[in-house]
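All chains are named by letter (A, B, ...) in the order of the sequence lines, taking the proteins before the strands, and each is independently numbered beginning at 1.
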There are 2 protein chains.
Amino acid sequence: MLSMRAKYALKALVYLAKAKDQGPVLIGDIAESQKLPRKFLEQILLELKNLRVLKSRQGKGGGYLLAKPPAEIEMGHIVRVFNGPLALVPCVSVTAFEKCEECLDFAHCGIRRVMKKVRDVTAEILDGTTLETLVAIEASESDEASLMYFI
Amino acid sequence: MLSMRAKYALKALVYLAKAKDQGPVLIGDIAESQKLPRKFLEQILLELKNLRVLKSRQGKGGGYLLAKPPAEIEMGHIVRVFNGPLALVPCVSVTAFEKCEECLDFAHCGIRRVMKKVRDVTAEILDGTTLETLVAIEASESDEASLMYFI
DNA sequence: TTTAGATTAAACCTATAGGAATAATATGCT
DNA sequence: AGCATATTATTCCTATAGGTTTAATCTAAA
Ligand code: FES
Ligand code: FES
């Protein structure tokens with residue numbers, strides 16, 4: 001399951017993407033409008049800043065801004081950082097690879113091959129979906145059947 | 001000034017580097033021996049794990065481990081992530097570059113050239129110093145005069 | 001002896017508090 | 001008018017609480 005941290009990060013980012021031409025956005029605004037716990041969100045935004053996904057201005061009139069265009073911020077990146085590896089088993093993870101000691105025949109393990117497929121299609125979707133995509137999806141009225149159009 | 005987060009991260013990492021052949025190390029052990037606030041350290045270690053600098057094992061007998069050899073973990077990386085850009089002015093930052101609007105003649109700005117030199121030598125030292133280096137330094141009896149030997 | 005469940009030890013997750021640093025703006029003094 | 005000082009709004013930093021999940025080990029029943 002996606003952690004709250006990851007979900008809140010994504011929500012805040014989509015919000016910032018939508019408001020990207022309106023100057024710095026307050027933590028308080030994001031928290032209130034998206035119903036996110038303010039202090040927790042504060043930590044998350046700070047981490048996003050350290051990742052160079054956001055930048056900030058301090059002091060009066062300050063707030064948070066995207067550090068790059070929405071089209072350059074991939075869901076996959078955010079999920080990996082805030083939620084951990086996409087892979088369901090370590091042996092198919094690209095970012096946190098490890099052999100499964102309990103699987104003797106690593107090379108022919110069926111679980112591994114299926115899970116690798118799962119990871120790969122997940123990565124393809126998540127790395128192919130940017131904040132721009134998410135904003136576009138939310139702006140449209142259609143349901144999941146036509147998502148392919150966006151991705 | 002180096003933030004506590006950065007300092008604690010480095011201290012914990014050096015401790016883990018020294019203990020690297022002793023299996024998983026407990027948060028509690030690190031906190032106690034290095035006199036670091038336990039719950040705060042917990043957050044920092046988790047972040048180091050998300051950065052793939054550490055790995056962990058959960059449950060009984062668990063703890064934290066380096067995710068790669070000490071020689072591959074650079075001080076510069078840790079400092080940048082936990083403390084921010086090395087540059088003292090944004091216009092010389094590699095990771096967070098921004099033009100200084102208040103300096104009209106960016107190209108010929110003297111402050112900038114000096115600060116660039118400062119950033120470059122800082123980066124050279126910090127990126128050239130790994131956990132392995134730090135452990136070696138602490139194992140030696142000499143003072144800063146002979147640090148060049150290590151770096 | 002195997003298996004199922006209980007206990008325990010550990011990291012992990014969500015959340016919050018309180019104050020420091022920073023920057024804009026307003027205010028008051030010369 | 002110009003400068004110093006105070007106020008205010010904001011992010012940033014350090015720290016902590018409390019509960020959840022995971023995994024190893026122990027215990028008891030089948
Ligand atoms: S080798 Fe990883 S699931 Fe079998
Ligand atoms: S241009 Fe950055 S200090 Fe002058």
Side-chain angles (χ1 to χ4, degrees), chain A residues 1-12 16 23-32 34-51 53-67 79 81-85 88-90 96 98 100-102, chain B residues 1-12 16 23-32 34-51 53-67 79 81-85 88-90 96 98 100-102:
Chain A
M1 280 280 283
L2 202 60
S3 65
M4 287 299 115
R5 282 175 72 77
K7 210 181 287 184
Y8 294 169
L10 289 170
K11 290 208 173 198
L16 284 164
V25 178
L26 303 185
I27 297 177
D29 282 359
I30 305 175
E32 220 174 296
Q34 302 298 304
K35 299 260 172 61
L36 311 179
R38 147 102 205 208
K39 279 291 196 177
F40 194 31
L41 179 62
E42 206 176 301
Q43 282 186 4
I44 293 165
L45 296 183
L46 226 30
E47 203 167 333
L48 283 168
K49 187 193 149 170
N50 289 338
L51 290 170
V53 171
L54 296 182
K55 23 180 210 184
S56 65
R57 277 188 219 147
Q58 229 175 161
K60 202 165 184 174
Y64 278 94
L65 303 150
L66 296 185
V79 171
V81 169
F82 285 94
N83 200 62
L88 264 26
V89 285
E98 245 176 294
C100 304
E101 337 163 357
E102 72 278 10
Chain B
M1 280 279 288
L2 202 61
S3 67
M4 287 300 114
R5 282 176 73 76
K7 210 181 286 184
Y8 294 169
L10 289 170
K11 288 207 174 200
L16 284 164
V25 178
L26 303 185
I27 297 178
D29 282 358
I30 306 175
E32 219 174 297
Q34 302 298 303
K35 300 261 171 58
L36 311 180
R38 148 99 205 210
K39 279 292 197 177
F40 194 31
L41 180 61
E42 205 175 303
Q43 282 187 1
I44 293 164
L45 296 183
L46 227 29
E47 202 168 333
L48 283 168
K49 188 195 150 169
N50 289 338
L51 291 169
V53 171
L54 296 182
K55 28 182 208 183
S56 64
R57 279 190 217 144
Q58 228 176 160
K60 201 167 185 176
Y64 279 96
L65 304 150
L66 297 185
V79 170
V81 169
F82 286 94
N83 200 61
L88 264 26
V89 285
E98 246 176 292
C100 304
E101 338 162 357
E102 71 278 10

Partner residues of [X] under the side-chain hydrogen bond (donor to acceptor under 3.5 Å, both in side chains) criterion, sequence neighbours left out:
{"X": "Glu42(B)", "result": "none"}
{"X": "Lys49(B)", "result": "Ser56(B)"}
{"X": "Asn50(A)", "result": "none"}

Would you classify Leu45(B) as touching base, sugar-phosphate or nothing, given that sugar-phosphate means primed atoms plus P, OP1 and OP2, and contacts are heavy atoms under 4.0 Å? nothing

Check every strand shown and say whether Gly63(A) touches a base, only sugar-phosphate, or nothing at a heavy-atom separation below 4.0 Å. sugar-phosphate

Taking for each residue the nucleotide of DNA chain C with the nearest heavy atom, is it Leu26(B) or Phe82(A) whose nucleotide lies nearer the 5' end?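 Its nearest nucleotide being more 5', the pick is Leu26(B).
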
Any side-chain N or O of Ser56(B) less than 4.0 Å from the OP1 or OP2 oxygen of dC12(C)? yes

In chain order, what residues pass the side-chain contact (heavy atoms from CB on, under 4.5 Å) check against Leu88(B), with sequence neighbours excluded?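 Leu88(B) satisfies side-chain contact (heavy atoms from CB on, under 4.5 Å) with Met115(B), Val118(B) once adjacent residues are dropped.
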
Rounded distance (Å) that lies between atom [atom2] of [N] and atom [atom1] of [X]:
{"X": "Ile44(A)", "N": "dT11(D)", "atom1": "CD1", "atom2": "C1'", "result": "16 Å"}
{"X": "Leu54(B)", "N": "dA11(C)", "atom1": "CG", "atom2": "C1'", "result": "12 Å"}
{"X": "Asn83(B)", "N": "dC12(D)", "atom1": "CG", "atom2": "P", "result": "13 Å"}
{"X": "Lys49(A)", "N": "dC12(D)", "atom1": "NZ", "atom2": "C1'", "result": "8 Å"}

Testing the basics here: between [X] and [Y], what is the closest heavy-atom pair and its distance to 0.1 Å?
{"X": "Tyr8(A)", "Y": "Leu41(A)", "result": "O-CD1, 4.5 Å"}
{"X": "Pro24(B)", "Y": "Gly61(B)", "result": "CG-O, 3.8 Å"}
{"X": "Met1(A)", "Y": "Asn83(A)", "result": "O-OD1, 3.6 Å"}

For each nucleotide in nucleotides 14-19 of chain D, reading 5' to 3', give B when a protein heavy atom comes within less than 4.0 Å of its base, S when such contact involves only the sugar-phosphate, and - otherwise. BBBBBB

Tabulate protein N/O versus nucleotide N/O from nucleotides 21-28 of chain C, keeping only pairs under 3.5 Å, one per line.
none

Any side-chain heavy atom of Phe82(A) sitting closer than 4.5 Å to one from Lys7(A)?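 Not in contact.
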
Working to the nearest 0.5 Å, report the span between CD1 of Ile44(B) and NZ of Lys11(B).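 The CD1 atom of Ile44(B) sits 12.0 Å away from the NZ atom of Lys11(B).
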
